[in-house]
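First comes the structure, then the notes that go with it.
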Amino acid sequence: MKILKEKLSTKNLRRLCQDNATDKRVLVVHSEDVPYEGYFPNAYAVTKRKNVKADLYVDLYYKDISQIQDEEYEFILCTGLLEHIPDPQRLVDDFYRILKPGGKLVISASAVFSYHEGPNDFFHFTPFSFQLLFSKWSKLDVKGSSQPFETIAILLQRILLQCDIKPKIVRQIVELLCIFLPKLDRYIVKQYHTRNPMNSETEIDSMLPSNVQAVVIK
């Protein structure tokens, strides 16, 4: 019997959508891994997955979003895609083109996460790589999607999802760890993006996030 009913990483994506919910017309790109409909009721969905309901089906690397006109949307949501694009800057530049001036992009991409959808898993990101990718945008607010012990729990759950494990009791023990470990995050006082120096200039919201999430303004 499964103890965890939902992927822990999905909970963090739900929070991202909730924090940025809007009734505006939204371009949703490859975000079927999160139930976004309740947060973005006027969504136009784009995906490569032919078995998923969408408004536009595109090629494997989303080059077909070139069909979308310049400055057509005020808001774009994109989750779980950037790591699967061999030229991520090209996709980011397409988002920039599609957004109206002052438009918002909400994006999430893998950081400390398992390989998935191989062999098309090319990059895992940090806040510093996001700074490079979005250097010409007017504003970037980037953070980690999870705290360190929560991330370890997410990785343990990925082991359950992507590995054959026997006997069954081992799976149940790991599931219990997934429930318990995030509770340890309450004891973390400060985090840093390096060991030396550990000071106010190197403080960070999460030094071991499963994903990096950003709200970016054109």
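By convention here, the first residue in the shown sequence is residue 1. No hydrogens, no waters, no symmetry mates; every other heavy atom, side chains included, goes into these values.
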Legend entry - Check: S146/T151 side-chain N/O donor and acceptor closer than 3.5 Å: yes

Inset, instruction - Mind checking the OH-CD spacing from Y96 to Q89? Nearest 0.5 Å is all I need. - result: 12.0 Å

Inset, instruction - Check whether more than 12 heavy atoms from other residues, nucleotides or ligands sit under 6.0 Å from atom CZ of F180, and answer yes or no. - result: no

Legend entry - Backbone of Y61 reached by a side-chain donor or acceptor of D59 within 3.5 Å: yes

Legend entry - Student check: side-chain heavy atoms of S108 and N211 closer than 4.5 Å: yes

Legend entry - Path from F125 to V34 over hydrophobic side-chain contacts below 4.5 Å: no

Legend entry - Lys/Arg-Asp/Glu bridge criterion (N-O < 4.0 Å) met for E71, K100: no

Inset, instruction - Report yes or no: do Y73 and V26 belong to one cluster of Ile/Leu/Val/Met/Phe/Trp/Tyr joined by side chain heavy-atom distances under 4.5 Å? - result: no

Legend entry - Minimum-distance pair of heavy atoms, taken over all atoms of S206 and Q191: CA-OE1, 3.2 Å

Inset, instruction - Look only at the side chain of T126 and the backbone of S129, and say whether a donor-acceptor pair between them is shorter than 3.5 Å. - result: yes

Legend entry - For Y62, ring-ring contact (aromatic ring centres under 6.0 Å, His included) partners two or more places apart: H30

Inset, instruction - Spell out, yes or no, whether Y187 and M198 are grouped together once hydrophobic residues are joined by side-chain heavy atoms under 4.5 Å, including indirect joins. - result: no

Legend entry - Enclosure of Y115 OH (heavy-atom neighbours >12, cutoff 6.0 Å): no

Inset, instruction - Determine whether K104 and E74 make a side-chain contact, defined as any pair of heavy atoms from C-beta on separated by less than 4.5 Å. - result: no

Legend entry - Non-hydrogen side-chain atoms of V46 and L27 separated by less than 4.5 Å: yes

Inset, instruction - Show the numbers, then the answer: is there a side-chain contact (heavy atoms from CB on, under 4.5 Å) between I76 and I98? - result: CA-CA 9 Å; I76 298 174; I98 291 167; 4.1 Å; yes

Legend entry - Contact check, side chains of L160 and I165, non-hydrogen atoms, under 4.5 Å: yes

Inset, instruction - Only one of R186, K183, K11 passes salt bridge (charged side-chain N to carboxylate O under 4.0 Å, His left out) with E150; say which it is. - result: K11

Legend entry - Side chain E72, main chain Q69, donor-acceptor under 3.5 Å: yes

Inset, instruction - Decide if atom CD of E117 counts as having more than 12 heavy atoms of other residues, nucleotides or ligands within a radius under 6.0 Å. - result: yes

Legend entry - For the student: nearest non-hydrogen atoms of E83 and S110, plus distance: OE2-OG, 2.8 Å

Legend entry - Q67 atom CD, over 12 foreign heavy atoms within 6.0 Å: yes

Inset, instruction - Taking all non-hydrogen atoms of both residues into account, name the closest pair between P197 and T202 and its distance. - result: O-OG1, 2.9 Å

Legend entry - Shortest non-hydrogen separation from C178 to L156 and the atoms involved: SG-CB, 3.7 Å

Inset, instruction - Find the distance between CD1 (I152) and CG (L155) and round it off to the nearest 0.5 Å. - result: 7.5 Å

Legend entry - Heavy-atom side-chain contact between I85 and N120 under 4.5 Å: no

Inset, instruction - Give, for atom CG of D33 and atom OG1 of T47, the distance between the pair rounded to the nearest 0.5 Å. - result: 9.5 Å

Legend entry - Connected via hydrophobic side-chain network under 4.5 Å: I65 and L60: yes

Legend entry - pair F95-V29: side-chain heavy atoms closer than 4.5 Å: yes

Legend entry - Ionic contact status for D70 with R97, cut-off 4.0 Å: yes

Legend entry - Distance in Å, L184 CG paired with F149 CZ, rounded so as to fall on 0.5 Å steps: 5.0 Å

Inset, instruction - Report yes if some heavy atom in the side chain of Y36 is under 4.5 Å from a heavy atom in the side chain of L77; otherwise report no. - result: yes

Legend entry - Pairwise distance CG(L81) to CD1(I107) - rounded to 0.5 angstrom: 7.5 Å

Legend entry - Lys NZ or Arg CZ of R25 over F75 ring: under 6.0 Å, within 45°: no

Inset, instruction - Kindly say whether I188 contributes a backbone atom to a donor-acceptor pair with the side chain of D185 at under 3.5 angstrom? - result: no

Inset, instruction - Please examine the side chains of M207 and Y192, heavy atoms only from C-beta on, and report whether any two atoms are closer than 4.5 Å. - result: no

Inset, instruction - Inspect the surroundings of NZ in K50 and state if more than 12 heavy atoms from other residues, nucleotides or ligands are less than 6.0 Å away. - result: yes

Legend entry - Which atom of P182 lies closest to which atom of L177, heavy atoms considered: CD-O, 4.3 Å

Legend entry - Expected output: side-chain R15 to main-chain S145 donor-acceptor under 3.5 Å: yes

Legend entry - L161 versus K7, closest heavy-atom pair with distance: CD1-CD, 3.8 Å

Inset, instruction - Start with the C-alpha distance between C78 and V106, add both sets of side-chain angles, then the distance that settles side-chain contact (heavy atoms from CB on, under 4.5 Å), and finish with yes or no. - result: CA-CA 6 Å; C78 177; V106 175; over 6 Å; no

Inset, instruction - State, without any angle test, whether E175 and Q157 hold a side-chain donor-acceptor pair at a distance under 3.5 Å. - result: no

Inset, instruction - Quick one: do T79 and S31 satisfy side chain to side chain donor-acceptor pair (under 3.5 Å)? Show the steps, please. - result: CA-CA 5 Å; T79 65; S31 293; 3.1 Å; yes

Inset, instruction - Return the set of residues passing ring-ring contact (aromatic ring centres under 6.0 Å, His included) with H84 (not counting sequence neighbours), or none when no residue passes. - result: H116

Inset, instruction - Check step by step if side-chain contact (heavy atoms from CB on, under 4.5 Å) holds for K143 and V212. - result: CA-CA 6 Å; K143 63 181 182 179; V212 285; over 6 Å; no

Can I get a per-line list of side-chain donor-acceptor pairs under 3.5 Å for residues 132-141, giving both atom names and the distance, sequence neighbours left out?
| residue | atom | partner | partner atom | Å |
| --- | --- | --- | --- | --- |
| S135 | OG | L132 | O | 3.3 |
| S138 | OG | I217 | O | 3.0 |
| S138 | OG | K218 | O | 3.1 |

Inset, instruction - State plainly whether one hydrophobic cluster holds both V28 and Y57, where clusters connect Ile, Leu, Val, Met, Phe, Trp and Tyr through side-chain heavy atoms under 4.5 angstrom apart. - result: no

Inset, instruction - Rounded to the nearest 0.5 Å, what's the gap from CG on L208 to NE2 on H193? Could you check? - result: 15.0 Å

